[in-house]
Structure formats: C-alpha cells, structure tokens
Amino acid sequence: ELGEPPATLPTVGTNLTDLRLPRKVTVRELGGCMGPIWPSYYSECSALLFVVDASNPTQVSSSCIQLLSVLSAAPLASVPVLVLFNKIDLPCYMSLVEMKSLFRMQDIVSCATQPITMLETSARDGTGLADVLQWLRTALKDPS
C-alpha cells in the first residue's frame, strides 16, 4: 500500500521540460494565471497542449475563454492543438462527452484554423500519456 498520492496544484509561473520523441523537444508549461504573458511565447510554439481541469466545473467558462483566445491568436493559426481534459482519475470529473458539450467543442473545431484533437488524461496516474506522446510525435513530424 503506497497510500494516497500527493495533492496536485495548479502551475504558477513557467516550467521547462525536455522530452525525447526520439529527437529532443522542449515543453514550456505556462500556468493559467500566466495568461497575460502567453502571447509572448506564441512565436516559438510548434504544437500546443491546452490542459483543462475536468474535475473543476467552476473553471469551465474561464478555460473556454482562454482556449478561444489562444485559438484566435494569429501566430498560432496553423499550430496543431491538443486539448487535454485532465484529472479523470478523480471521482468528480466530467466525462469527455460532458466537457465537449460544455466547451461547445464541435463549434470551436469547425471554426478554428488549426487542427484540434481532444483527449482525456490523468497526470497523476498516467492515463492517456502514451496518446499524448504519440500526438506530439505526429504533430511535430518526429519519426517514432
């Protein structure tokens, strides 16, 4: 018995992580509270992972507004986007169907200029991680 996993906290600030896909890719994580400075990183962006807390219904409208803002940014007009509905390991999470409905993802996808993919994930237990890595390989045209 390993006990309860540690509580997760929203990202405050920015984190850099290097991945091998097999070539080295640097992932810059920017917390939601950093939204005002996100545009300063758009020109460096080759692919975008937009993470939504699927266990927090009070943040859905804010997350949707942030997503729409990102999708309408000119430097990101052709950058592939992966929307991750995270925290599906929690009992109170909203399903992919519910999240797509709340975000009106069908309308967003039909109006967006960039390709958009959606996945459910759990950063805590790794659910969906293999799919995220495969999406990154494909989006960045990295042979696997």
Side-chain angles (χ1 to χ4, degrees), residues 5-144:
T8 58
L9 297 171
T11 301
V12 176
T14 181
N15 297 320
L16 292 175
T17 303
D18 289 333
L19 300 176
R20 295 228 172 257
L21 298 177
R23 74 177 165 93
K24 182 179 142 189
V25 173
T26 300
V27 175
R28 178 179 302 273
E29 179 184 8
L30 296 167
C33 64
M34 302 296 288
I37 68 160
W38 289 358
S40 63
Y41 296 100
Y42 291 168
S43 64
E44 303 170 24
C45 187
S46 303
L48 178 76
L49 281 70
F50 189 91
V51 182
V52 177
D53 183 344
S55 73
N56 189 345
T58 63
Q59 287 296 313
V60 168
S61 60
S62 173
S63 296
C64 188
I65 290 166
Q66 284 184 309
L67 177 61
L68 291 170
S69 175
V70 167
L71 294 175
S72 66
L76 300 175
S78 60
V79 170
V81 176
L82 177 59
V83 179
L84 299 172
F85 295 112
N86 190 38
K87 297 191 181 180
I88 64 166
D89 54 292
L90 297 178
C92 57
Y93 89 97
M94 292 174 282
S95 71
L96 185 59
V97 169
E98 290 170 306
M99 293 301 285
K100 283 180 170 182
S101 175
L102 287 170
F103 272 71
R104 296 188 57 167
M105 287 305 296
Q106 186 173 348
D107 293 335
I108 291 173
V109 168
S110 67
C111 294
T113 59
Q114 55 276 85
I116 300 174
T117 304
M118 290 154 275
L119 291 173
E120 288 182 308
T121 60
S122 168
R124 180 182 285 174
D125 69 18
T127 301
L129 179 59
D131 294 330
V132 171
L133 293 174
Q134 184 55 51
W135 181 89
L136 272 172
R137 284 184 196 101
T138 302
L140 300 174
K141 295 167 181 51
D142 200 37
S144 45

What's the spacing between [X] [atom1] and [Y] [atom2] if we round to 0.5 Å?
X	Y	atom1	atom2	result
K141	L136	NZ	CG	12.5 Å
L30	L16	CG	CG	8.5 Å
I88	R124	CD1	CZ	12.5 Å
F85	S55	CZ	OG	13.0 Å
L84	M118	CG	CE	11.0 Å

Under the side-chain hydrogen bond (donor to acceptor under 3.5 Å, both in side chains) rule, collect the residues that match up with D131, sequence neighbours excluded.
->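 Here no residue qualifies.
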Ignoring hydrogens and geometry, is there a side-chain-to-backbone donor-acceptor pair from [X] to [Y] under 3.5 Å?
X	Y	result
S101	V97	no
S69	I65	no
E98	S95	yes
E29	N15	no
S62	Q59	no

[X] to [Y] - nearest heavy-atom pair and separation:
X	Y	result
L67	M105	CD2-SD, 4.1 Å
L76	Q114	O-NE2, 2.8 Å
A73	Y42	CB-CE1, 3.4 Å
S78	P115	O-CD, 4.5 Å
I108	C64	CD1-SG, 4.3 Å
V79	C45	CG2-O, 3.6 Å

Partner of S122 under side-chain hydrogen bond (donor to acceptor under 3.5 Å, both in side chains), chosen from D89, T127, N86 = D89
Kindly indicate whether the side chain of [X], heavy atoms from C-beta on, has any atom under 4.5 Å from the side chain of [Y].
X	Y	result
Q66	W38	yes
V83	M99	no
K87	N56	no
L71	F50	no

Assess whether atom CD of E44 is packed by more than 12 heavy atoms of other residues, nucleotides or ligands within 6.0 Å.
->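 More than 12 heavy atoms, drawn from other residues, nucleotides or ligands, come within 6.0 Å of this atom.
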Of all residues at least two apart in sequence or in a different chain, which pass the side chain to side chain contact (heavy atoms under 4.5 Å, CB included) check with T117?
-> L82, W135
R104 meets the salt bridge (Lys or Arg N to Asp or Glu O under 4.0 Å) criterion, sequence neighbours left out, with D107
